[in-house]
Amino acid sequence: MTPADLLGQWLAGRLPAGAAAWLASGSERLRAGAADRDLYLLTSLVARHVGKEPLALTDAELKAASASRPGWDPRDWTLDQAARIYLLLASTSDGAEMCRRLDRLCSAADIGELVAFYRGLPLYPDQPLYALRAAEGVRSNMRVVFEAVAHRNPYPSEQFGEPAWNQLVLKALFVGSPLDPIVGLDARRNATLARMLCDYAHERWAASRPVNPESWRCVGPFAAGPVLEVVRHLFERGTATEQQAAALALREATDPEAARLLESHPALARNAREGNLNWERLAAARL
Amino acid sequence: MRFIDPHIHMSARTTDDYELMAAAGIVAIIEPAFWLGQPRTHVGTFVDYFSSLVGWERFRASQFGIRHYCTIGLNSKEANNEALAEQVLDVLPLFLGKEGVVAVGEIGYDDQTEAEDKCYRAQLQLAKDLGMLVQVHTPHRDKKRGTSRSMDVAIEMGLVPGSVIIDHNNEETVQEVLDRGFWAAFTLYPETKMGNERMVEIARRYGSHHIFIDSSADWGKSDPLAVPKTARLMLERGIPRPDVEAICYANALAAFGQSGQMMEEHWLTPQPRDERLLYQGNSVLRGQEPRVDELPVIPEREERLVIE
């Protein structure tokens, strides 16, 4: 089944009859080639007709989602978001057309709509076309909008070049968003990002401000030379959580000096190596 | 006490204002679409303005624990640029259905020109077609006649008085507005509109049925704490507490709540989905029932030398 089929099926099973009929007739009109204006009105009226309750997918449904579109993880989606993306997908299967409509929709969107349109990114036709739109979402200062692109969304890791990707990670730190829900966080680590994160940490420390320990997750593999010195500082003088983060980073470093440093604190080294300590747990503990 | 300011132009205000408003007990606000102090010349600037009212400004308010709603419409002053006004009327339907849009507004008369009349009527028709409320700005000049005319035209266009909020009332207009069954809002705005000592006397004379107050604070010399300040003045001068609560909170909610877009639960018991729009994920109010007997606290801006 396509993602659009799945969305239709999930909504049909969850909406009251009136709302389901409204959505069905709206999507039919769009499939039959209704004007732009109908799409704009239908998508904005969604909240009034279908409400904003969680979609609350079952494990089986979530599996079907990722089978239909690898990496698609709609576990946090709400009814209005599902319905908006369902309508959008019904309106066209042409990438250029979708891209144009999405730009217009975003230029007149309320917060709820923006969140929906960005969460829908992995489902639009001709995926590379939306990289600029997605980067625009990352620039948003509305944290919910930023997180619609950044969290549980495979789009950025698949389509962003390194500069845009690095901006996304730094922006997450700036707006206080957790890093763990960023899809592809480990796979997209790079030396430039590690350097940027070290600079960022220095800036924060100079201002006596704390640094999110999740930052070091993107630094570990590049911990050598000056980067290793930053991790050493953290490992030797940080808070308990920062020391754990440093241990996890050192575990992934290839520089023999990093291994020696890690062994200087045998209990932490053991926890990091045996998996009692991991980034997911460290992230969860901060929430 | 809790307050609603049902008419305030936050895009013209600072974060200091938001902090003070939240500290004074303002839980929800309505930001009407209006002009920006000078006329716009392109439809695109209207589109961006409307979209900031349903987007960025709402988010900004939420960071201070204040729930933000808005009204969308073409104001009377800018209705006089007829070519532009046509284009703006065309884009209104894109925004009227957005979440948290509680009425078509603020619309009505300024100079009471023909162009204004045309736009006012077109927007009343839109409100009627979409089943929406209307928030009417009454003119500064030739006010009494302009207010009567605003109501005449609303009725003529088929609107029900209970779905129309007549704003910027004064001693001269209130009786007719109430007699005809419309909602009467009063704007506490220094020099050009109402002062709050006058408002106390209006409350004494007319009670609280269908009456509420707002600040209309904007880019002019105005006061975003006008609602809590006036509440306090009313209480100190012997207006019964239930009347004060109706005038400063409940009536605005009753009037604009008819839209289905504004509900007390939005700030008292926000849904998990909505919580993400609230400051630090928490309503400032949860678990804190305001004490019944206390006077509103009017916070003062705290000056700090050290910036952290």
Side-chain angles (χ1 to χ4, degrees), chain A residues 26 35-56 76-82 84 101 103-119 136-137 139-148 151 175-178 207-209 287, chain B residues 15 31 33 43-63 67-70 72 88 90-102 126 129-132 259-263 265-266 270-281 306-308:
Chain A
D36 281 5
R37 195 177 192 80
D38 294 288
L39 173 67
Y40 304 148
L41 283 177
L42 284 166
T43 48
S44 67
L45 288 173
V46 159
R48 296 183 189 212
H49 286 274
V50 311
K52 302 196 296 177
E53 292 300 307
L55 189 57
D76 297 330
W77 284 35
T78 51
L79 290 174
D80 59 310
Q81 291 160 2
R84 281 176 167 140
R101 287 183 157 179
D103 282 343
R104 281 268 343 244
L105 281 167
C106 288
S107 76
D110 65 34
I111 299 180
E113 289 175 296
L114 285 174
V115 171
F117 298 147
Y118 285 118
R119 283 191 159 177
E136 196 60 44
R139 268 180 221 113
S140 173
N141 263 3
M142 296 182 252
R143 183 171 149 181
V144 280
V145 175
F146 167 78
E147 288 179 354
H151 285 175
V175 298
S177 280
S208 308
R209 291 171 181 154
L287 293 178
Chain B
T15 50
E31 176 153 8
V43 67
T45 58
F46 279 89
V47 170
D48 289 342
Y49 173 65
F50 296 147
S51 94
S52 79
L53 294 186
V54 296
W56 175 243
E57 202 55 47
R58 185 174 299 169
F59 173 78
R60 220 163 71 93
S62 75
Q63 290 184 300
R67 195 80 190 195
H68 180 282
Y69 305 87
C70 68
I72 296 284
V88 178
D90 277 349
V91 302
L92 290 181
L94 280 184
F95 291 95
L96 290 171
K98 301 288 183 200
E99 225 178 314
V101 177
V102 294
L126 211 46
D129 293 345
L130 297 172
M132 292 184 74
S259 65
Q261 292 298 302
M262 181 180 187
M263 289 173 236
E265 68 192 49
H266 289 169
Q271 296 297 303
R273 160 93 173 66
D274 291 334
E275 271 173 24
R276 298 167 54 199
L277 284 175
L278 290 173
Y279 185 51
Q280 292 176 344
V306 175
I307 300 166
E308 285 174 26

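We name chains A, B, ... by the order of the sequence lines, and we start the count at 1 in each one. Because the structure is a prediction, the values reported are computed rather than measured.
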Legend entry - Carboxylate-amine/guanidinium proximity below 4.0 Å for Arg104(A) and Asp36(A): no
Legend entry - Region of Phe50(B) that comes under 4.5 Å of a non-hydrogen atom in chain A: neither
Legend entry - Segment of Leu53(B) engaging chain A (4.5 angstrom heavy-atom cut-off): neither
Legend entry - Arg119(A) side-chain N/O to Asp76(A) backbone N/O, donor-acceptor pair under 3.5 Å: yes
Legend entry - Arg67(B) side chain to Met263(B) backbone, donor-acceptor under 3.5 Å: no
Legend entry - Per-residue contact mode, Glu308(B) against chain A (heavy atom under 4.5 angstrom): backbone
Legend entry - Residue Ala109(A) versus chain B: region with a heavy atom under 4.5 Å: backbone
Inset, instruction - Could you tell me whether Glu99(B) and Lys52(A) have a side-chain N and a carboxylate O separated by less than 4.0 Å? - result: yes
Inset, instruction - Below 4.5 Å from any heavy atom of chain A, which atoms of Val91(B) appear? Answer side chain, backbone, both or neither. - result: neither
Legend entry - For the student: nearest non-hydrogen atoms of His151(A) and Pro178(A), plus distance: NE2-O, 2.8 Å
